[in-house]
Amino acid sequence: MPIPNNGLITETNRQYYEGAQGFISLLAQTQYTTTFNTDLIFGGLNAWDPNDIDYALNNFKLYTSSTGFPGTFNEYILSYGVSNNIITLASAIPANYYVVVQLKTLDGGNYGNPLIPGSYAYGNTVEENYGSYAYLTLNDVINNFMVAYVGAGKLIGDVKRTDVIFHAKRAMQEFSYDTLKSIHSMELNIPPSLSVVLPQDYVNYVKVSWIDDYGVKHPIYPANNLTINPYENPIQDTRGVPIQDNFSDNIEGDSLTEKRWANDNFLNLFGLQNGANNINNINNYWDGYQWDYYAYGRQYGLDPQYANINGYFTINDREGKMSFSSDLRGRLIVLEYISDGLAYDLDTKVPKLAEEALYAYVIHAVISLRINQPEYLVQRLKREKTAKLRNTKIRLSNIKLEEITQVMRGKSKWIKH
């Protein structure tokens with residue numbers, strides 16, 4: 001039976017802030033057991049050797065010192081292995097030596113060297129652990145559920161762990177769309193091709209912005225009906241009939257729609273001429289027929305969905321990319337998007353504020369799918385699930401009274417015409 005996670009802090013301050021755990025070697029000691037929340041990753045059989053290609057896969061370094069004073073630690077590069085967070089050395093370290101296991105990425109300085117900034121805590125391996133007390137892993141939630149809700153005399157007498165895993169994953173997916181803080185963000189540069197690949201765990205976009213020289217966000221809006229990314233682009237004969245290859249499939253060509261959009265001069269698209277790109281330069285606006293035909297959004301009185309000076313994007317489902325208008329070429333952008341919360345399987349983080357709602361979801365899912373269950377029980381569990389989910393949304397909304405009052409102070413100002 002797995003041991004439930006009771007939410008107690010198990011790492012020392014040194015482990016949490018420095019990402020380091022120290023030992024003093026005993027006589028003929030060859031094994032050192034680490035207790036980080038992060039599991040040690042050992043790249044391969046010879047990953048202890050900095051000259052081995054697998055060395056870069058390690059998420060830790062091993063240091064020793066005879067005195068333990070700053071600046072005296074040297075990396076241990078003799079043969080050792082790692083299994084279940086236990087480091088086993090091929091030969092014993094001398095008695096009373098200081099041994100330190102330092103979580104790391106490949107870059108960084110020697111442990112305990114005060115002349116090298118960041119030589120204590122450095123790298124994503126350490127930083128990803130910061131703030132971890134606010135979360136449980138999905139695996140911990142499943143273990144807790146099996147202990148607290150399954151067994152003789154409990155609501156669920158017996159259930160397979162695989163069934164609980166399935167329902168817990170489904171709960172995470174549903175919660176991630178509108179309840180959990182599952183918005184990820186990625187900083188990207190727009191290349192000359194005007195397209196960037198969608199993130200690996202992408203489900204839907206939240207907001208796309210380009211960043212100016214001051215670090216300020218400028219929202220980019222979807223192109224909507226301005227353009228489209230065709231899903232199929234068959235090559236046609238002179239009669240307009242698609243041409244097939246030897247395998248009876250249509251021969252695909254490049255999208256002319258995408259080419260014209262990428263090559264567009266946005267001064268024409270938005271009704272500007274003579275190189276004018278200032279929205280306030282009204283002397284350079286076109287009028288008459290050209291005004292109505294070309295000016296899609298930057299001038300007063302036009303369709304608000306196109307009233308945007310920051311450029312446009314489209315989702316190119318054919319290529320799995322996000323495409324941008326030509327005026328954004330070379331810009332730095334930030335893509336904020338929703339993930340389903342399952343990108344890292346059972347290591348997925350679950351906010352502790354949502355833990356009870358997750359249990360309620362799984363209980364209802366398990367009971368409602370079993371035969372001969374009283375309907376009043378299923379409905380009661382459904383109401384409990386809904387109520388706990390509502391409470392979770394309120395808790396995670398992170399509403400602060402002072403922040404609301406700060407925003408509302410501006411509502412008392414008169415707008416003068």
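In this chain, residues are counted from 1 in sequence order. Just so it is clear, the model here is predicted, and its values are computed rather than measured.
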Any donor-acceptor N or O pair under 3.5 Å, side chains [X], [Y]:
X: N143; Y: R161; result: yes
X: D201; Y: Y337; result: yes
X: E252; Y: N233; result: no
X: E258; Y: N229; result: yes
X: N139; Y: T137; result: no
X: R170; Y: Q173; result: yes

Within a strict 4.5 Å, meaning less than it, do heavy atoms of the [X] and [Y] side chains meet?
X: L377; Y: L155; result: yes
X: F42; Y: L57; result: no
X: P242; Y: I235; result: no

Euclidean distance, [Y] [atom2] relative to [X] [atom1], rounded to 0.5 Å:
X: S326; Y: W261; atom1: OG; atom2: CH2; value: 7.5 Å
X: I220; Y: S209; atom1: CD1; atom2: OG; value: 6.5 Å
X: I228; Y: S323; atom1: CD1; atom2: OG; value: 12.0 Å
X: I77; Y: D52; atom1: CD1; atom2: CG; value: 12.5 Å
X: Y76; Y: L89; atom1: OH; atom2: CG; value: 4.5 Å
X: I333; Y: L188; atom1: CD1; atom2: CG; value: 5.0 Å

Does the pair E336/K217 count as a salt bridge with the N-to-O cut at 4.0 Å?
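Salt bridge flag = yes for K217 with E336.
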
Could you tell me which non-hydrogen atom of [X] sits nearest to which non-hydrogen atom of [Y], and how far apart they are?
X: H167; Y: Y361; result: O-CE2, 3.7 Å
X: E11; Y: Q15; result: CA-OE1, 3.5 Å
X: Q102; Y: A20; result: OE1-CB, 4.0 Å
X: F60; Y: I41; result: CE2-O, 3.5 Å
X: K352; Y: Y135; result: CE-O, 3.9 Å
X: S65; Y: G68; result: OG-N, 2.8 Å

With sequence neighbours excluded, what pairs up with S248 under the side chain to side chain donor-acceptor pair (under 3.5 Å) test?
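Once residues adjacent in sequence are excluded, S248 has no partner under the side chain to side chain donor-acceptor pair (under 3.5 Å) criterion.
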
So, the side chain of [X] versus the backbone of [Y]: is there a donor-acceptor pair under 3.5 Å, distance only?
X: D237; Y: V241; result: yes
X: N58; Y: A47; result: yes
X: Y376; Y: Q379; result: no
X: E232; Y: P230; result: no

Return the orientation label for the F324 and F313 ring planes: parallel under 30°, perpendicular over 60°, tilted otherwise.
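It falls in the tilted class, 30° to 60°.
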
Check the angle between the aromatic planes of F145 and Y149 and answer parallel, tilted or perpendicular using the 30° and 60° thresholds.
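The arrangement is parallel - the two ring planes meet at less than 30°.
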
What do you reckon, is [atom1] of [X] surrounded by more than 12 foreign heavy atoms closer than 6.0 Å?
X: E375; atom1: CD; answer: yes
X: I211; atom1: CD1; answer: yes
X: D249; atom1: CG; answer: yes
X: I394; atom1: CD1; answer: yes
X: K154; atom1: NZ; answer: yes
X: N84; atom1: CG; answer: no
X: L45; atom1: CG; answer: no

Which one of D39, T33, T35, T38 satisfies the side chain to side chain contact (heavy atoms under 4.5 Å, CB included) criterion with N85?
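Result: among D39, T33, T35, T38, D39 is the only option passing the side chain to side chain contact (heavy atoms under 4.5 Å, CB included) with N85.
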
Please say which of R395, R390, K388 ends up in a salt bridge (charged side-chain N to carboxylate O under 4.0 Å, His left out) with E356.
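The salt bridge (charged side-chain N to carboxylate O under 4.0 Å, His left out) with E356 is passed solely by K388 among R395, R390, K388.
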
